[in-house]
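Everything on this sheet refers to the single structure shown next.
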Protein chains: 2
Amino acid sequence: MRISAKADYAVRAALELAATEGDASVKAEVIAAAQGIPHKFLEGILGDLRRGGLVASQRGGKGGYRLARPADTISIAEVIRVVDGPLVSVRGVRPPALSYRGPAESLLPLWIAVRANVRKILGEVTLAEVAAAKLPGDVLGLAEDPEAWTNP
Amino acid sequence: MRISAKADYAVRAALELAATEGDASVKAEVIAAAQGIPHKFLEGILGDLRRGGLVASQRGGKGGYRLARPADTISIAEVIRVVDGPLVSVRGVRPPALSYRGPAESLLPLWIAVRANVRKILGEVTLAEVAAAKLPGDVLGLAEDPEAWTNP
DNA sequence: TCATTCCCTATTTTTCCAGTAGGGAAAATA
DNA sequence: TATTTTCCCTACTGGAAAAATAGGGAATGA
């Protein structure tokens, strides 16, 4: 299960906006430099976020980007969906559209369970929480287990 | 987050073996037909599973493949790791190797939490359970929630 | 010996990811 | 109005990885 560069970049860009005081606009170039993201590639991503209604933009002199909604109302899952489509897919297909035969029939509910779990985490955590380094208790609990950091 | 065709095929092939009575060998061609997997592609996957120690093979007349260990000792996570490498990665990199700056710093524990959760599910469910359509209670609980089947 | 089946290597085809290029449109500033 | 700044749009490219194919070699049982 791989999280794409696009999704990673999009979340980091959104976090930069979430961390900006007030309604000030931030230029794409500034975000790119702060997070080490290729400038033009980032512009495309910010365009996706804008079309997805998560970000507002302003052209010209003092222009730039800002969040379209308060940072505590935007989940990480939303950001990823806007740039990458479905949160979880199998062979590029979203789970409910899959069909399995024979002993593999119970694979579908298994993928559904995985997806539900991912949704639960990424859907409850907001940009505000990550930007402020204040993850919800249950998520922090999972992340704090030393076992979670071990390799394979 | 995308699960590759290879991982999906590998699990389904392993489930066919898990569902086979006794130690009987199953031919690659039979598995391919049962699950609708391209025969030659499947052969490569079965080779990976064999080199990973999950499957044993036998050449010649009555040859074929069978599980190298009891089906209730092989988790879905093991199967996926053998054919695809790390269970979860960000931009192709496994989470502990990532490094984030500024407001994105808490992204790392978040990815870790997601990974821990995926591991928890796929690591506890065995081939035997899926093949017998008897998923563990907690997994079934997640999968039974109608909410989990809704689209986005 | 012969049919069967796994085994190995190489090659192809396709798809998608990540990144680049160049210019046009809007807005502020002067 | 002219100029600068910045977002905005379209196209495109390179390359890697995913998915699949091809062909023959090596073991095994009959």
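Computed from a prediction, not measured in an experiment: that's the story for all the values here. Chain letters run A, B, ... following the sequence lines, proteins first and then strands; every chain starts at 1. All values below were derived from every heavy atom in this structure, side-chain atoms included, with hydrogens, water molecules and symmetry-related copies excluded.
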Hey, does [X] reach any base, or is it just sugar-phosphate, or nothing, if we go heavy atoms under 4.0 Å?
X: A:Arg2; result: sugar-phosphate
X: B:Gly64; result: sugar-phosphate
X: B:Lys27; result: sugar-phosphate
X: B:Gln58; result: sugar-phosphate

Worksheet item: Would you call B:Glu29-B:Lys40 a salt bridge at under 4.0 Å N-O?
Response: no
Item to complete: Please determine if B:Glu43 and B:Arg50 form a salt bridge, counting it only when a charged side-chain N lies under 4.0 Å from a carboxylate O.
Response: no
Practice prompt. Specify the residue among A:His39 and B:Glu43 whose closest nucleotide of DNA chain D lies further upstream toward the 5′ end.
Written response: A:His39
Consider the side chain of [X], meaning its heavy atoms from C-beta on, and name the nucleotide among [options] that approaches it most closely.
X: A:Pro38; options: C:dG19, C:dA18, D:dC9; answer: C:dG19
X: A:Ser57; options: C:dG19, D:dG29, D:dC7; answer: D:dC7
X: A:Tyr9; options: C:dG19, C:dG24, D:dC9; answer: C:dG19

Round to a whole Å and report the spacing from [atom1] of [X] to [atom2] of [N].
X: A:Arg50; N: D:dC8; atom1: CZ; atom2: C1'; answer: 7 Å
X: A:Asp8; N: C:dC17; atom1: CG; atom2: P; answer: 15 Å
X: B:Glu29; N: C:dA3; atom1: CD; atom2: P; answer: 19 Å
X: B:Arg66; N: D:dT28; atom1: CZ; atom2: P; answer: 12 Å

Worksheet entry | Shortest non-hydrogen contact between A:Tyr65 and A:Leu17, atoms and distance | O-CD2, 3.4 Å
Worksheet item: Closest nucleotide of DNA chain C for A:Ala5 versus for B:Arg59: which of these residues is on the 5' side?
Response: B:Arg59
Worksheet item: Side chains of B:Asp84 and B:Ser4: do they bring a donor and an acceptor to under 3.5 Å?
Response: yes
Worksheet item: What about B:Lys40: does its side chain form a donor-acceptor pair under 3.5 Å with the base of D:dG23?
Response: yes
